[in-house]
Protein chains: 4
Amino acid sequence: MASIPELEEIRRNQILEAALSTIAETGAAHVTMDDIAQAAGLSKGGLIHYYRSKNELFQATFKELFERIFELSRESMAQHSDPMEKILAFDFLYDLENPYTRQGYPLLFDSMALAAREPDYQAMFDAWVDRWIELLTGAIRQGIADGSFVEMDPDPLARTISAIYHGIAIRWYLAPRSHSSEWAVNSFRTAIGGAMAPYRKKTGQDAEKGQGTGNTLMEMNRNPAA
Amino acid sequence: MASIPELEEIRRNQILEAALSTIAETGAAHVTMDDIAQAAGLSKGGLIHYYRSKNELFQATFKELFERIFELSRESMAQHSDPMEKILAFDFLYDLENPYTRQGYPLLFDSMALAAREPDYQAMFDAWVDRWIELLTGAIRQGIADGSFVEMDPDPLARTISAIYHGIAIRWYLAPRSHSSEWAVNSFRTAIGGAMAPYRKKTGQDAEKGQGTGNTLMEMNRNPAA
Amino acid sequence: MASIPELEEIRRNQILEAALSTIAETGAAHVTMDDIAQAAGLSKGGLIHYYRSKNELFQATFKELFERIFELSRESMAQHSDPMEKILAFDFLYDLENPYTRQGYPLLFDSMALAAREPDYQAMFDAWVDRWIELLTGAIRQGIADGSFVEMDPDPLARTISAIYHGIAIRWYLAPRSHSSEWAVNSFRTAIGGAMAPYRKKTGQDAEKGQGTGNTLMEMNRNPAA
Amino acid sequence: MASIPELEEIRRNQILEAALSTIAETGAAHVTMDDIAQAAGLSKGGLIHYYRSKNELFQATFKELFERIFELSRESMAQHSDPMEKILAFDFLYDLENPYTRQGYPLLFDSMALAAREPDYQAMFDAWVDRWIELLTGAIRQGIADGSFVEMDPDPLARTISAIYHGIAIRWYLAPRSHSSEWAVNSFRTAIGGAMAPYRKKTGQDAEKGQGTGNTLMEMNRNPAA
DNA sequence: AATGAATGAGCCTTCATTCAT
DNA sequence: AATGAATGAAGGCTCATTCAT
């Protein structure tokens, strides 16, 4: 019975995976236990064996969601060493080829609708934001340490940056007719570049280039295309 | 029977009002036709008389929601004549004393969760964004015309600005433990100030003040308090 | 809409009737809402319209049961004017031709199993007993007043008498193989006669007859038949 | 493997013990196989290994119940040598300090609800009554033999006596608010004393005392306290 | 116009039973 | 012998929708 200690773990992952994808597809408001069970390759009863109620399963699922989003962010930032690059390392947000991204959006919308009314979900959302802020303040502190940013309290800035990401990503996902991925990428580079500007030390190069924040939107705007 | 057309109008408003408040309270996922009927002072049958199905009523309700939010934005901007002031005229977003604001957030979260999956709601959301963008591009064009902003395509900038509002407002509402109203107000002034910077013509005064965008966060960050 | 005020009353009676007969048949432990709805000629939803939960319906049903049993007892006693006859007026208990009797037994067993564990049902049972005791104390008081019984506190005696009825009825119903109706009738006349004996004033006639309590069991026993 | 037959015995007792206590607590209507398995310190599968179905286990459990009640009665009577004392030897019925008594009542109520509808349980109930009757007829026969009772068929009298016990015990257990243990004890002494009266030979002593049946209720009634 | 009685599909959850290990 | 994972039927309850009045 070597497999039994692992079985619980395997099944729970199987179920969370199924829950994430069915909720993403159908919506937390409409998904049924049957949908999830079927997606997990289990019977309704089998599902209940691992998560005793829909609420318990939902909470675990959204906890998992936030865990995964956090992991994705952490890994994205870890691929860069320059602090400003770390801060701008969220291009994956605008890549629907990435199945995690594609699935993540609808789940995130559900999580916010839940968090807007239920304290448990609000707490999860809050905790996730906190962890994200920690990543960003880490990068900012590194920038202060290496002299590329001025001295400051990194926390409010990190909150602003992450909120900007949040806003642009949502807008981009919900209004694809009018918001291209390019708009999204440029947009947050503009906005974050702007938000960061006062805190960045001007180098000779940057001073010449003006913003030096990768703000391609400026150029785009000055040479309107569409 | 001159009163019948009026009655229809009255009843429909009564119902939409009830739908808005009950959905805000209970959530689109859980609200029932009974809840809404009761809030409207009607019976279930009376409700169905005016909106033949829950879906029809929901669509009308969210249409009304976007209409109201738009009206609120339009009025807020109309109170200012300076283009930059118009762009920054959204302080009402961080005022939960305002019942419209308080009710608006949960409804907006529901609308996004719906829009993330159902084309009808996505179209509504998109259309609302478009009208908001129009307001902002109007202000930007005015700024270009009166010489306070440089020449540019106002549309992408307007989209960025509105997305920033969106992101900060959401973050502020969902994580009240860590995001004060002051953070929110300062945050969007910083971010929008930053995003606008490249497009604003430096006046003598502004040049002296540096950003001149009402960026109180900068000062806050440099003199960390908590 | 003249019928609407009465409809609620009609339906509730219809449902209670259905509940009484289906519970009697199937048992409180196994009867389903569907069973009851069907017996009442309604759909499941229609049933719930009148009784919002199974528990609510069950409580109403057992309340009705005790009401009916009480009414039956009251009427039986009312047919007699002599106090001793009133006390002995429960022959209907041993008449399964009577549909109320036939239905009443299984319901009463369920009510006791419920009362043994759930305070609400215990309270109902208790209240029913109290009302029965009142009937009996009334008869005893009448007997004291008209001089056929000696002075005493009628309450404990009434409780004993009703308990005897209870015991004999139960035994008779559950072990029909060995307890004939005649045994039951004789048995309670014996037992109650015995219990009453000390409190009855001996008349000349009675003194000669010995017991004078209608104790036919004695004769039966002395001339064993089966 | 001499121990295997013993293990079977041990496990079955373990299970019956668990079934008796969980059913007593939770009620036959609501107890689950899991409850019983857990109380027995076994898994669901382990339970099924010994009793192939819930029905099989229930039947065995109630058989065990009647066996135990009978044993208790037998032992109580065996402690007395005088026939009248044997007949009155059921004081343990009113002693909730006794765990068997405390557990026995709810189980007995369940057994009656079952017996009222299912022949198997009715047969068990009937058989239990028969064995009880045998105990009582034995005592009565002894009384006839030693000259303290008159000649008679002891069977109907025994049935009456046991039914009286049954009725008073039930009433006492279900309506504790109004029936004290003293009432119960006095009550069955009164009732049984009354029922026995015609069959007892008057001794000089008894003749003087009147009933001589331990009828303390009579005195209580004549000197009402509350 | 408006009511609310009635329906019935659908959902979450429970639980006896089966079965691989 | 014993476990507990898994099944699936069944039940209580919800709720959008219909319809007679």
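First the proteins, then the strands, lettered A, B, ... as listed; each starts at 1.
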I need the [atom1]-[atom2] distance between [X] and [N], as an integer number of Å.
| X | N | atom1 | atom2 | result |
| --- | --- | --- | --- | --- |
| A:Y50 | E:dC12 | OH | P | 20 Å |
| C:Y51 | E:dA6 | OH | C1' | 17 Å |
| A:L7 | F:dG4 | CG | C1' | 10 Å |
| B:F58 | F:dC15 | CZ | P | 12 Å |

- Item | Results of salt bridge (charged side-chain N to carboxylate O under 4.0 Å, His left out) for D:R117 - residues two or more places apart only |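 Checked D:R117 against salt bridge (charged side-chain N to carboxylate O under 4.0 Å, His left out); matches are C:D110.
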- Message: When you compare the side chain of A:Q59 with that of A:N55, does any pair of heavy atoms fall below 4.5 Å?
- Response: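 Yes, side chains in contact.
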Could you give the distance from [atom1] ([X]) to [atom2] ([Y]), rounded to the nearest 0.5 Å?
| X | Y | atom1 | atom2 | answer |
| --- | --- | --- | --- | --- |
| C:I48 | C:K54 | CD1 | NZ | 10.5 Å |
| B:L16 | B:L20 | CG | CG | 6.5 Å |
| C:L174 | D:F125 | CG | CZ | 4.5 Å |
| D:L47 | D:I36 | CG | CD1 | 6.5 Å |

- Message: Using a strict heavy-atom distance below 4.0 Å, which residues from residues 39-49 of chain A are in contact with DNA chain F?
- Response: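 Residues of residues 39-49 of chain A under 4.0 Å from DNA chain F: A:L42, A:S43, A:K44, A:G45, A:G46, A:H49.
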- Task: Give the ring-plane orientation class for C:Y173 versus C:F109, where under 30° counts as parallel, over 60° as perpendicular and anything between as tilted.
- Result: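 If you compare the ring of C:Y173 with that of C:F109, the planes turn out tilted.
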- Would you call the rings of C:F62 and C:Y121 parallel, tilted or perpendicular if under 30° counts as parallel and over 60° as perpendicular?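 Judged by the thresholds at 30° and 60°, the geometry between C:F62 and C:Y121 is perpendicular.
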- Walk me through it: do B:W128 and B:S111 pass the test side chain to side chain contact (heavy atoms under 4.5 Å, CB included)? CA-CA 11 Å; B:W128 164 60; B:S111 79; over 6 Å; no
- Using Watson-Crick pairs (N1 to N3, plus N6-O4 or O6-N4) and G-U wobble pairs, both distances under 3.5 Å, which stems of at least 3 pairs involve DNA chain E?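 The stems that DNA chain E takes part in, listed by first number, are E:2-21 with F:2-21.
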- Neighbours of DNA chain E within residues 10-24 of chain D, by heavy-atom distance under 4.0 Å: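 None, since no heavy atom is under 4.0 Å.
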- Item | For DNA chain E, the residues among residues 29-38 of chain A that have a non-hydrogen atom under 4.0 Å from it |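 Only A:V31, A:T32, A:M33 qualify.
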- Thinking salt bridges, do D:R68 and D:E64 make one under a 4.0 Å N-O criterion?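 Salt bridge flag = yes for D:E64 with D:R68.
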- Cationic tip of A:R11 above A:Y51 ring, under 6.0 Å, 45° of axis: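 Verdict for A:Y51: no cation-pi partner in A:R11.
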- Item | Flag, side chain of B:T26 to backbone of B:I23, donor-acceptor distance under 3.5 Å |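 Judged by distance alone, no pair lies under 3.5 Å.
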- Which pairs pass side chain to side chain donor-acceptor pair (under 3.5 Å) with one or both residues in residues 32-43 of chain D, sequence neighbours excluded?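 Every pair satisfying side chain to side chain donor-acceptor pair (under 3.5 Å) with a residue in residues 32-43 of chain D: D:T32-D:D35, D:D34-D:K44.
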- Side chain of A:K54 only, please: which of E:dA2, F:dA2, E:dC11 is the nearest?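 Of E:dA2, F:dA2, E:dC11, E:dC11 is nearest to the side chain of A:K54.
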